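Any value given below was found using the heavy atoms of this structure, including those in side chains, with hydrogens, waters and symmetry copies removed. Predicted, not measured: the structure shown is a model, and the values here were computed from it.
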Amino acid sequence: MEYDLTVLRQGCRALGIELNELQEKQFTDFYEYLVEKNKVMNLTGIIEFQEVLMKHFLDSLACVKAVSMENIKTVMDIGTGAGFPGVPLKIAFPHLEACLLDSLKKRVGFLEETFRLLKLENIRAIHGRAEEFAKNKAYREKYDLCVSRAVSNLATLSEYCLPYVKIGGIFISYKSGKVQEEAQQAEKAIHILGGKVKDILYFRLPDSEIDRSLVVIEKVKPTPARYPRKAGTPLKEPLS
């Protein structure tokens, strides 16, 4: 099937990303498989091609506004869902060693099939809770970059994500609209967890009125061993 990739190409160029033919095909193959599997499992409410390009693919890639991907080797995607932002980042930057974590086994199965279909290497999906894997030495403070498009508040997300980030690394939380107040409320929690808000970047998705933001948190010291707290606690009782 022929697809109009103008939005993807122009959006990527605006982000300083040049896609080759293989990468473009990986994006369209990913789209087709996502829509096909979405008929039998709940992966996304967005299925129209141009909307997926903008609201899933380009939105996922927007973290390049905050971090130079050439300097990133390892990336962890927490609460990845249908693979966002992890899969688009891996397609656009094949050198990345990526790990995508989700709490739903069916979604992890979908992701593993996606990796095989797209012939992606050095990427894996793991099934479990962020609080549990963060206690594992194989994952704790091992990543240059942790990303999450999950919708929890920033204090909760920081407890999920910062334990995975190595000292000097970055955690980027993808948010909707303005987040200044939320970031201020989460500042104490971020400090406790070893992080510091480095920047908040606001942008608008291409050819839309959709305002997005990236909260950029730098890992400046180790996360204390007691964090994250036991499963469910960060969501019920965010650090404050």
Linked, directly or transitively: [X] and [Y] (ILVMFWY side chains, under 4.5 Å):
| X | Y | value |
| --- | --- | --- |
| Val220 | Val67 | no |
| Leu120 | Leu101 | no |
| Phe27 | Leu22 | no |
| Leu193 | Val216 | no |
| Leu111 | Met41 | yes |

Roughly how far, to the nearest 0.5 Å, is [atom2] of [Y] from [atom1] of [X]?
| X | Y | atom1 | atom2 | value |
| --- | --- | --- | --- | --- |
| Leu235 | Arg129 | CG | CZ | 8.0 Å |
| Leu61 | Ile17 | CG | CD1 | 4.5 Å |
| Arg140 | Thr223 | CZ | OG1 | 5.5 Å |
| Thr28 | Leu5 | OG1 | CG | 6.5 Å |
| Leu58 | Arg9 | CG | CZ | 12.5 Å |
| Ile126 | Arg124 | CD1 | CZ | 6.0 Å |

Using 4.0 Å as the upper bound for N to carboxylate O, is an ion pair formed by [Y] and [X]?
| X | Y | result |
| --- | --- | --- |
| Glu132 | Lys230 | no |
| Arg212 | Asp59 | yes |
| Glu141 | Lys219 | yes |

_Pairing donors with acceptors under 3.5 angstrom, does anything connect the side chains of Ser103 and His127?_
no
- Go through the side-chain N and O atoms of Tyr31 and Gln26 and say whether any donor and acceptor fall under 3.5 Å apart. no
Are [X] and [Y] close enough that some pair of their side-chain heavy atoms sits under 4.5 Å apart?
| X | Y | value |
| --- | --- | --- |
| Val215 | Leu154 | yes |
| Ser213 | Lys178 | no |
| Ile192 | Glu159 | no |
| Val87 | Thr80 | no |
| Ser176 | Asp211 | no |
| Glu51 | Phe49 | no |
| Met76 | Leu145 | no |
| Leu117 | Glu113 | no |

- Task: Determine, stepwise, if the pair Glu237 / Arg229 fulfils side-chain contact (heavy atoms from CB on, under 4.5 Å).
- Result: CA-CA 10 Å; Glu237 303 168 22; Arg229 291 164 293 166; 4.1 Å; yes
*Might you work through the side-chain contact (heavy atoms from CB on, under 4.5 Å) test for Leu100 and Phe115, ending with a clear yes or no?*
CA-CA 11 Å; Leu100 282 59; Phe115 304 158; 4.2 Å; yes
With distance as the sole test, does [X] use its side chain to make a donor-acceptor pair with the main-chain N or O of [Y] at under 3.5 Å?
| X | Y | result |
| --- | --- | --- |
| Gln23 | Ile91 | yes |
| Glu187 | Val197 | no |
| Thr74 | Glu97 | no |
| Gln50 | Asp4 | yes |

message: Between Leu43 and Leu34, is the side-chain contact (heavy atoms from CB on, under 4.5 Å) condition met? List the steps.
response: CA-CA 7 Å; Leu43 292 167; Leu34 175 71; 4.0 Å; yes
Between [X] and [Y], what is the shortest heavy-atom contact and its length?
| X | Y | result |
| --- | --- | --- |
| Leu19 | Cys12 | CD1-SG, 3.7 Å |
| Ile190 | Ser158 | CG1-OG, 3.4 Å |
| Gly86 | Asp77 | N-OD2, 2.9 Å |
| Val147 | Pro85 | CG2-CG, 3.6 Å |
| Val179 | Tyr202 | N-OH, 3.5 Å |
| Ile46 | Thr44 | N-OG1, 2.9 Å |

| query | Aromatic rings Phe93 and His95: how do their planes relate, parallel, tilted or perpendicular, breaks at 30° and 60°? | reply | perpendicular
task: Measure up the Phe84 and His56 rings against each other and bin them: parallel (under 30°), tilted (30 to 60°), perpendicular (over 60°).
output: parallel
Just list the side-chain donor-acceptor pairs under 3.5 Å for residues 162-175, sequence neighbours left out, or say none.
unit_1, atom_1, unit_2, atom_2, d
Tyr164, OH, Ala130, O, 2.7
Tyr164, OH, Ala134, N, 3.0
Lys166, NZ, Asp144, OD1, 3.1
Tyr174, OH, Ser60, O, 2.6
Lys175, NZ, Ser152, O, 2.7
Lys175, NZ, Glu182, OE2, 2.8

Query raised in the report: In this structure, are over 12 heavy atoms from other groups packed under 6.0 Å from Glu21 atom CD?
Result: no
- Query: So with a 6.0 Å cut-off around NZ of Lys135, is the heavy-atom count from everything else above 12?
  - Reply: yes
Verify ring-ring contact (aromatic ring centres under 6.0 Å, His included) between Tyr160 and Tyr227, making sure each step is shown before the conclusion. CA-CA 9 Å; Tyr160 289 155; Tyr227 299 109; over 10 Å; no
TODO: Show your working on side-chain contact (heavy atoms from CB on, under 4.5 Å) between Gln180 and Ile200 and close with a plain yes or no.
DONE: CA-CA 8 Å; Gln180 196 71 44; Ile200 300 175; 4.0 Å; yes
